[in-house]
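Predicted model, so just to flag it, every value in this text is computed and none were measured. In each ligand, atom 1 is the first atom listed, and ligand 1 is the first ligand listed. Because only heavy atoms are used, hydrogens play no part in the values below, and waters and symmetry mates are left out as well, while side chains stay in.
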Amino acid sequence: MSILQKNEILEGHVIDLTHEGHGVVKLDRYPVFIPNTLIDETIKFKVIKVKKNFAIGKLIEIKEQSKERVEPPCVYYYKCGGCQLQHMTYQAQLNMKKEQVINLFHRKADFKDTIINDTVGMENPWYYRNKSQIPVGKNKDEEIISGFYRQRSHDIIDMESCLIQDQLHQEVMNQLKVWFNELNINVYNEHKKQGLMRHVVIRTGHHTRELMVIFVTNGKKFKQSDLLVQKLVKAFPEITSIKHNVNNTHSNVILGAESNTLYGKTTINDKLSDVTFKISDQSFYQINSIQTEKLYQLAIEYANLKQDDVVLDTYCGIGTIGLYMAPKAKHVYGVEVVSEAIEDAKQNATINQFENTTFVCGKAEEVILKWKSQGIKPDVVMVDPPRKGCDETFLKTLLELNPRKIVYISCNPSTQQRDAQYLAQHYKLTKITPVDMFPHTTHVEAVAQFNRI
Ligand code: SAH
């Protein structure tokens, strides 16, 4: 039984941070998690939830402040669910992300000899998102608003500025909101599951500055589309593509299956290093282009490629990593489950005039088996799975393929640690470097090098 009572007001000293960035106060050995507090702070808090093994507190007063505390620059910070770490200096955020990787690999697993490097941060950690997905709704006065979801809810907070997305996205959205109100656009109501305009998605090629605007509607009929397209193109000459996506489902997934081009090209281009990438509205593309280049540079360095190496790029998206490596390798095989992304990958190989690449649509765990039966012998395997990590069949086959090196990029170091334990049967995990792809949020990305023992 807990010693705490709900609504009780207590004082405590923060000794740790959870991976969500919440401070931890221990009373006896019972932990209380308190958002917006930092290590070494003495705080007054209210107990708002009591569970068997932990409690949740709400910060009431900071008695002694950490020197790592800063005033969050964004006015919406305490309401919006987008950022979680703006009350911390950027250096403290980078340290926290490294600490999480150390905790997982050195303390919770037996990778004591693995070098864990400092988190690679951004020089200017703002305005980095090249994709914004902005929900549209109405406030109590029936005015159209757009912004971001309140923390842990789907209430829309109306916003005029966001410090982590490309600045041009906000300018486009602020202007669209004025036109939506003037034209009295029918907007979607999530509770009633009625209405038309659900989201506006904006994507930019960070280096090319090509801009795509996608209107996501519930239903096909979108009367004012011509007028909005005319206005947008006139006001923002940077726009190279405008799309209409239909999403009739009532799920949290933002884009529906069907997209039509209303203006310009069907895709946008971006460039990473010397390689050009074509990106469809549906394809995964790394959100932070500046950090992606650093991440891929590290991945290439860890792969230690030789010109006659055969490389597998597994979970390849639009082929970015493999295409980055193609000029330095003999042949690159890529696999990805989203068919649009594989189409992009194939076209990207053509655009860049690479003739030594093969991209296959399918599940990595199935395609890798096929490659093995075809006698393909990779020297280097790049692994970049979604949050849930790799399927065990995949890892088993990977060990059987026995490449010289495995480079594993992960957006969830806890599944990366699980998979690393499997690979440790035949591979030494030499080093890991966290790369800060999402400043001011708790997301941690890490690249790891495995050498065959
Ligand atoms: N390497 C790419 C994409 C990484 S994101 C890049 O750096 O841009 C992970 C990718 O894995 C996504 O594109 C997702 O569609 C894909 N994916 C998810 N499950 C998969 C599976 N079982 N097999 C193959 N690809 C999968």
Side-chain angles (χ1 to χ4, degrees), residues 120 128-131 203 205-207 253-255 257 267-273 275-300 302-303 311-326 332-349 352 357-372 380-398 406-413 415-416 419 433 435-438 443-448:
V120 178
Y128 60 83
R129 283 189 66 98
N130 59 28
K131 173 173 157 185
R203 293 182 91 156
H206 182 84
H207 293 290
V253 178
I254 293 174
L255 290 180
T267 54
I268 51 169
N269 283 347
D270 196 14
K271 250 183 131 138
L272 294 175
S273 189
V275 189
T276 300
F277 295 103
K278 188 164 95 60
I279 311 157
S280 306
D281 49 335
Q282 301 274 359
S283 295
F284 175 89
Y285 184 66
Q286 298 281 357
I287 289 293
N288 183 335
S289 306
I290 294 173
Q291 292 300 90
T292 301
E293 292 197 67
K294 296 184 194 165
L295 178 75
Y296 290 175
Q297 282 304 338
L298 270 174
I300 291 204
Y302 284 11
V311 178
L312 304 187
D313 178 10
T314 60
Y315 309 88
C316 71
I318 59 169
T320 31
I321 298 174
L323 292 169
Y324 222 72
M325 293 185 157
V332 174
Y333 294 88
V335 57
E336 157 66 44
V337 78
V338 173
S339 61
E340 285 88 351
I342 279 292
E343 284 315 308
D344 285 354
K346 287 180 182 163
Q347 290 197 27
N348 285 331
N352 292 287
T357 59
T358 307
F359 289 100
V360 179
C361 182
K363 287 186 178 166
E365 52 274 30
E366 292 169 6
V367 173
I368 197 175
L369 273 172
K370 215 180 282 166
W371 283 337
K372 185 173 158 259
V380 171
V381 177
M382 310 303 297
V383 183
D384 187 6
R387 289 189 64 77
K388 69 174 194 277
C390 301
D391 183 279
E392 200 170 319
T393 325
F394 175 86
L395 295 171
K396 184 167 171 283
T397 319
L398 187 51
I406 299 169
V407 179
Y408 187 143
I409 299 176
S410 166
C411 54
N412 182 358
T415 56
Q416 187 182 34
D419 294 348
T433 305
V435 178
D436 194 20
M437 302 293 279
F438 312 100
H443 294 289
V444 182
E445 184 101 8
V447 50

Locate the shortest heavy-atom distance separating S283 from I318; write the atom from each residue and the value.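 That closest heavy-atom pairing would be CB-CG2, 3.5 Å.
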From I321, L323, T358, T357, residue fulfilling side chain to side chain contact (heavy atoms under 4.5 Å, CB included) relative to V332: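 Exactly one candidate clears the test, T357.
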Under 6.0 Å from the NZ atom of K363, do we count more than 12 heavy atoms belonging to anything else shown? no
Atom pair NZ/CD of K131 and Q286 - distance to nearest 0.5 Å: 11.0 Å
What pairs of donor and acceptor atoms, side-chain ones from residues 381-388 against any protein atom, are under 3.5 angstrom apart with sequence neighbours left out?
{"residue": "R387", "atom": "NH1", "partner": "C411", "partner atom": "O", "Å": "3.1"}

Mutual orientation of the aromatic rings belonging to Y324 and Y296 [parallel < 30°, tilted 30-60°, perpendicular > 60°]: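 The rings of Y324 and Y296 stand perpendicular, inter-plane angle above 60°.
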Got the residues with a heavy atom under 4.0 Å of ligand 1, by chain and number?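 Contacts of ligand 1 under 4.0 Å: F284, Q286, Y296, Y315, C316, G317, T320, I321, E336, V337, V338, G362, K363, A364, E365, D384, P386.
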